[in-house]
Amino acid sequence: MEAFSVVGGKPLNGTVTISGAKNAALPILFACLLCRDRCRIQNVPQLRDVASTFAVLQGLGVDCQHEAEAVIIHTPPTLATYEAPYELVRTMRASILALGPLLARFGQAVVSLPGGCAIGVRPVDIHADGLRQMGAEVEIKNGSLVANCQRLHGADITLPLPTVTGTENLLMAAVLAEGQTILRQAACEPEIVDLANFLIAAGANIQGAGTACITIEGTSTLTAADYTVMPDRIEAGTYLAAVAAVGGEVLLAGANPHDMERVLSAFAGGGVEICPLDTGIRVKMAGRFSGADAVTAAYPGFPTDMQAQLIAANCISSSPTAVSETVFENRFMHVQELLRMGADITLAEHTAFIRGVDHLTAAPVMATDLRASASLVIAALAAKGTSTINRIYHLDRGYERMEEKLSALGAEVERIDGH
Ligand code: EPZ
């Protein structure tokens, strides 16, 4: 298995180009299942999770072609199969996003239950209940969600909690349902707005995406869209956290400050200079990061996907900090590894209490999930000595060529054979 070898202690300077957002690209690629004609999607990041999405779509019989600057997705009028199988879904939970589009356009879907993952149980009950309210039969058979419906009808659905992919699945189901659907207590993430903008470009009638109440007037057909995916606010936040930890001045080219207000204010409160520009966001850390407290929450709260990266930067901050995780039940897997690098962290229930140390020390560490691995990279960049981060395939799920981007900023990061 591949690993990263990181020589710590070098500041980051220069420009990093922020890639397309993973968590917008995935639902938009699945949304192509709804469209009659060829869709052209630009700024799709080259990630393991995107490759997994192509594997699921191609397994269904969807034609996926790569151009230099875009991907071309064409869903035929009938598919080879309507099943997203376990061997593919277990590699990427977001495959659950095939459920809504398959059911809405083809009236049937079999999607393996994704199962839990390192950060929690990750149920999909809200997805299933919402589709039942729209007239679908949804049951669990042999570890898969089996869904059938002649034609979905609109419904007034109140989500028990603002699930991101749950909102996305029901939004995609509603655009081809008969009549009006209202999604209340919907998730408000920018990636949902991006998905809605894609669907509108393909002919959908959606109001209120980005707010807690989304209204959809169903239509009979979606044609196609030529669409460009938004920049990845979590990738941008990850490089921001790295600058806070090691110092330097970096332009996050293409980042959209409007998607990241809570993250930017947290790091600005810890002494990072934040300068929004037309071309992105310039961030500068002179002196020592003084740390930032955070409580993760659904958007516009502090994103859970930035929790591990903030903790890594707080490990070397000048003031004590507290970071609470309220979204997932087990998302502190990175803490054990940070402790092995000399961090001073105490976990109590859902809160990590961090006392900044003058410096971390290099160590061989193990990545466990996508954002935990990003936090270990940040810690290794700040540590004295050379660290090895194993199982870096976790990182490749959500970060495009991270070692190249960091090396271009002056870091010493190399991809090696690990264990
Ligand atoms: C999306 O996951 C993201 N993934 C996650 O990013 C992100 O951490 C998460 O939203 C929260 O922002 C994609 O967009 C592909 P949820 P999702 O449903 O939709 C509970 C990353 O690092 N819940 O909003 O699976 C659930 O257990 C990944 O890029 C139910 O109880 O998250 C959790 O506690 C990791 N029943 C909470 O809701 C349901 O039916 C939020 O989960 C659905 C969710």
Side-chain angles (χ1 to χ4, degrees), residues 19-31 45 47-50 52-53 56 89 91-100 111 113-133 138 140 145 157-173 183 185-195 212 229-230 232-238 259-260 262-263 296-309 325-331 333-334 350 367-375 394-400:
S19 301
K22 169 177 84 80
N23 290 348
L26 300 188
I28 287 171
L29 290 170
F30 281 111
L47 303 170
R48 282 169 61 94
D49 274 8
V50 169
S52 301
T53 300
V56 172
V89 174
T91 64
M92 186 190 65
R93 315 176 21 79
S95 307
I96 193 68
L97 288 167
L99 180 65
V111 179
L113 279 170
C117 67
I119 63 178
V121 173
R122 313 283 299 272
V124 290
D125 53 310
I126 300 173
H127 302 235
D129 290 349
L131 293 171
R132 289 189 187 104
Q133 292 180 56
V138 184
I140 294 175
L145 273 182
I157 301 169
T158 298
L159 302 184
L161 55 81
T163 155
V164 173
T165 51
T167 300
E168 291 167 344
N169 245 333
L170 296 176
L171 173 60
M172 290 190 283
L183 301 179
Q185 293 188 155
C188 305
E189 273 68 5
E191 292 76 18
I192 290 172
V193 176
D194 219 31
L195 170 62
V229 174
M230 64 178 273
D232 194 318
R233 61 191 172 98
I234 304 300
E235 183 194 24
T238 301
D259 294 338
M260 311 171 56
R262 195 65 56 87
V263 171
T296 67
Y299 194 88
F302 190 91
T304 174
D305 291 350
M306 275 297 302
Q307 175 256 104
Q309 299 92 307
E325 173 58 58
T326 71
V327 176
F328 290 109
E329 63 268 29
N330 183 33
R331 204 172 193 177
M333 309 276 276
H334 40 289
H350 300 290
T368 51
D369 63 85
L370 169 54
R371 306 304 174 181
S373 47
S375 82
H394 289 291
L395 199 78
D396 292 333
R397 296 190 52 175
Y399 291 95
E400 198 174 26

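For ligands, and for the atoms within them, numbers begin at 1 and follow the listed sequence. Computed from heavy atoms alone, side chains included, the values below leave out hydrogens, waters and symmetry copies.
- Nearest-heavy-atom check against atom 38 (O) of ligand 1 across Asn23, Asp125, Leu161 picks out Leu161.
- Of the candidates His394, Glu189, Arg371, the one placing a heavy atom closest to atom 29 (O) of ligand 1 is Arg371.
- Atoms of ligand 1 lying under 4.0 Å from any heavy atom of Thr304, numbered from 1 in the order shown and given with element: 8 (O), 11 (C), 12 (O).
- Among protein heavy atoms, atom 2 (O) of ligand 1 sits closest to Arg122 NH2, 3.5 Å.
- In this model, no donor atom of one side chain and acceptor atom of the other lie less than 3.5 Å apart for Gln309 and Ser375.
- Of the protein's non-hydrogen atoms, Thr163 OG1, 2.7 Å is the one closest to atom 18 (O) of ligand 1.
- The atoms of ligand 1 that sit less than 4.0 Å from any heavy atom of Lys22 are 21 (C), 29 (O).
- Here the straight-line distance linking atom OH of Tyr399 with atom CZ of Arg48 works out to 15.0 Å at 0.5 Å rounding.
- Checked for salt-bridge contact, Glu191 and Arg233 meet the test: a charged N lies under 4.0 Å from a carboxylate O.
- In this structure, atom 37 (C) of ligand 1 lies nearest to the protein heavy atom Val327 O, 4.0 Å.
- For Pro123, the heavy-atom gap to ligand 1 drops under 4.0 angstrom.
- For the pair Ile192 and Val164, the tightest heavy-atom approach, listed with the atom from each and the gap, is CD1-O, 4.1 Å.
- The minimum heavy-atom distance between Ile28 and Leu195, with the atom names listed, is CG1-CA, 4.0 Å.
- Contact check on Arg331 versus Asp305 returns a salt bridge, with a Lys/Arg side-chain nitrogen under 4.0 Å from an Asp/Glu carboxylate oxygen.
- For the residues Thr53, Thr165, Ile126, the heavy atom positioned nearest atom 17 (P) of ligand 1 is part of Thr165.
- Ranking protein heavy atoms by distance to atom 32 (O) of ligand 1, first place goes to Phe328 CZ, 3.9 Å.
- Looking at Asp369 and His394, their side chains never bring a donor and an acceptor atom within 3.5 Å of each other.
- Between Val164 and ligand 1, at least one N/O pair is under 3.5 Å apart.
- Nearest-heavy-atom check against atom 21 (C) of ligand 1 across Leu159, Asp305, Asp369 picks out Asp305.
- The contact set between ligand 1 and Arg331, taken as ligand atoms under 4.0 Å from a residue heavy atom, comprises 8 (O), 22 (O), 35 (C).
- Between the side chains of Glu329 and His350, not a single donor N or O lies within less than 3.5 Å of an accepting N or O.
- Across all non-hydrogen atoms, the minimal contact from Thr238 to Met306 is N-SD, 3.7 Å.
- Atoms of ligand 1 lying under 4.0 Å from at least one heavy atom of His127, given by number and element, are 40 (O).
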